[in-house]
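Note sheet for the following structure.
This chain uses plain numbering: 1 for the first residue, then up along the sequence.
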Amino acid sequence: MTQTKHLPVAIIGSGPAGYSAAIYTARANLKPSLFLGHQPGGQLTITTDVENYPGFADVIQGPWLMEQFQSQAKNVGANLISDFIEFVDFSVRPFILRTDMGDTYTADAVIISTGAQARWLGIESETKFQGFGVSGCATCDGFFFKNQHVAVIGGGDTAVEEAIYLTNFASKVTLIHRRDSLRAEKVMQDRLLAHPKIEVLWNHTLEEVLGTDQPKSVTGLKAKNVKTGDITELDTTGVFIAIGHDPATKIFKSQLDMDNDGYIICAPGTANTNIPGVFAAGDVQDKTYRQAIVAAGFGCMAALDAERYLAVLNAHAPGGK
């Protein structure tokens with residue numbers, strides 16, 4: 001029979017935001033417990049080369065960077081729990097959390113850093129080459145495709161923005177869209193359609209990513225015409241899937257304020273949600289930047305906001321500290 005355990009600070013999610021929050025709250029002697037979730041380290045664990053995280057002169061590997069985050073959090077005193085939070089109740093105090101393994105915890109403060117995931121098409125070849133030429137983030141990986149031909153899949157704001165961004169590096173960008181018109185903002189459409197480096201392949205979907213196994217890399221793709229069924233083959237070294245992101249906020253719905261896309265809303269300039277004592281950090285509330293360093297910064301903010309909250313809470317508790 002499991003017992004309910006009380007935690008001063010519970011951190012849900014273990015990407016750059018979660019680990020940073022754990023480091024700062026541990027150094028503040030708040031004894032944080034971080035729930036690692038199903039994918040410890042988050043999206044960086046499926047990212048190979050990382051060249052834009054400050055402090056490293058040479059290219060580093062995403063999984064290695066997350067190992068360092070985890071080791072640092074552990075070394076400064078954070079309690080790391082290999083479990084997944086499947087239920088929360090923020091209507092009572094202390095807050096209630098229940099894990100996938102059936103354990104129940106209560107917490108005075110909760111930091112949510114469950115992140116967001118790029119939407120994928122779900123085709124086998126796309127999965128095979130993720131991190132080896134298939135990417136869900138142009139600002140993360142565009143630099144590695146200097147003077148190369150890349151493709152962007154999608155037709156909304158994300159796809160158009162990423163296609164335009166990639167022209168800073170690529171020699172040519174082909175935008176592949178399943179319809180005959182774009183859904184992006186008109187001003188962005190005009191910029192894209194006027195750009196000399198960008199071509200649009202209308203009424204096509206990605207059928208298959210082509211590549212080699214040794215070394216594993218993308219060499220091209222097959223696109224299918226949705227009207228005729230004809231296949232067009234392109235020689236590309238990069239394929240960027242840009243059909244949006246989904247924040248991992250399902251278990252918090254109806255309890256926290258969110259925007260129409262499911263991102264948690266925080267008070268401007270803070271990590272404070274609409275419920276005092278509950279904080280959000282990283283991609284779970286950031287739909288604009290989605291960078292590891294930004295997520296880490298938000299993790300720091302959430303930790304400092306939680307520290308201030310707990311100081312006031314403890315001061316007003318019976319026999320306040």
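- Atom-to-atom distance recorded for M301:CE and I111:CD1 is 11.5 Å, nearest 0.5 angstrom.
- Within the model, atoms NZ of K31 and NE2 of H6 stand 11.5 Å from one another, a figure rounded to the nearest 0.5 Å.
- For the 3.5 Å distance criterion, the side chains of S14 and Q70 fail to qualify, holding no donor opposite an acceptor.
- Nearest approach of F145 to T237, heavy atoms of both residues: CE2-O, 3.2 Å.
- Ring centers of Y165 and F240: at least 6.0 Å apart, outside the cut-off.
- At distances below 3.5 Å, not a single donor-acceptor pair connects side-chain atoms of D213 with backbone N or O atoms of K216.
- A donor-acceptor pair is defined here as one N or O able to donate and one able to accept, closer than 3.5 Å; no such pair exists between the side chain of H195 and the backbone of I164.
- In this structure, E307 and L304 have side chains that are in contact, with non-hydrogen atoms separated by less than 4.5 Å.
- Residues N52 and P54 share a closest heavy-atom pair of O-CD, 3.4 Å.
- Paired with L97 under the rule side-chain contact (heavy atoms from CB on, under 4.5 Å), one option of I12, I251, T104, T106 passes, and it is I12.
- Put simply, the side chain of P16 does not reach to within 4.5 Å of the side chain of F298, judged on heavy atoms.
- In terms of modelled atom types and a separation under 3.5 Å, the side chain of T114 and the main chain of A248 share a donor-acceptor contact.
- Cluster membership for L193 and V152, using ILVMFWY side-chain heavy atoms within less than 4.5 angstrom, is shared.
- The closest donor-acceptor contact from the side chain of D141 to the backbone of S135 lies at 3.5 Å or more, if one exists at all.
- I293 and F143 are assigned to two separate hydrophobic clusters, defined by single-linkage of ILVMFWY side chains at heavy-atom distances under 4.5 Å.
- Annotation: side chain of Y19 is in contact with side chain of L36 (closest heavy-atom distance under 4.5 Å).
- Across every non-hydrogen atom of T45 and P40, the tightest pair is CG2-O, 3.1 Å.
- No salt bridge links D89 with R98; every basic N to acidic carboxylate O contact stays at or beyond 4.0 Å.
- Here CG of L166 is found 11.0 Å from OG1 of T174. Values are rounded to the nearest 0.5 Å.
- In this structure, I112 and V278 have side chains that are in contact, with non-hydrogen atoms separated by less than 4.5 Å.
- Of the options L313, V9, L30, a side-chain contact (heavy atoms from CB on, under 4.5 Å) to D108 is made by L313 and by none of the others.
- For the pair I176 and H204, the tightest heavy-atom approach, listed with the atom from each and the gap, is CG2-O, 3.6 Å.
- The backbone N or O of Q148 lies less than 3.5 Å from a partner atom in the side chain of S171, making a donor-acceptor pair.
- Of the possible donor and acceptor atoms, one in the side chain of Q255 sits under 3.5 Å from a partner among the backbone N and O of V88.
- Formation of a donor-acceptor pair under 3.5 Å by the Q285 side chain with backbone atoms of I264 is not found in this model.
- Summarising the geometry, atom CD belonging to E126 is positioned 4.5 Å from atom CG belonging to L121; distances are rounded to the nearest 0.5 Å.
- Panel note: side chain S113, backbone G282; no donor-acceptor pair is recorded below 3.5 Å.
- Rounding to the nearest 0.5 Å places CG of D190 at 10.0 Å from CG of L182.
- Without hydrogens or angle criteria, K197 side chain to T167 main chain gives a donor-acceptor distance under 3.5 Å.
- Residues I153 and L234 fall within the same hydrophobic cluster, defined by Ile, Leu, Val, Met, Phe, Trp and Tyr side chains chained together at heavy-atom separations under 4.5 Å.
- For the pair R191 and I198, the minimum side-chain heavy-atom distance is 4.5 Å or more.
- Y24 is not connected to L34 by any chain of hydrophobic side-chain contacts under 4.5 Å among Ile, Leu, Val, Met, Phe, Trp and Tyr, and they are in different clusters.
- Taking every heavy atom of both residues into account, I275 and R93 meet most closely at CG2-NH2, 3.8 Å.
- A salt bridge is absent between R290 and D283; no separation between the charged side-chain nitrogens and carboxylate oxygens falls under 4.0 Å.
- N79 CG to F35 CZ: the interatomic distance, rounded to the nearest 0.5 Å, is 8.0 Å.
- Each of F252, F90, Y105, F279 was evaluated against F95; a single residue qualifies, F90, per the ring-ring contact (aromatic ring centres under 6.0 Å, His included) test.
- Taking every heavy atom of both residues into account, F129 and S217 meet most closely at CE2-O, 3.5 Å.
- Between K128 and V209, every side-chain heavy-atom pair lies at or beyond the 4.5 Å cut-off.
- Under a 3.5 Å cut-off, the side chain of R119 and the backbone N or O of I243 do form a donor-acceptor pair.
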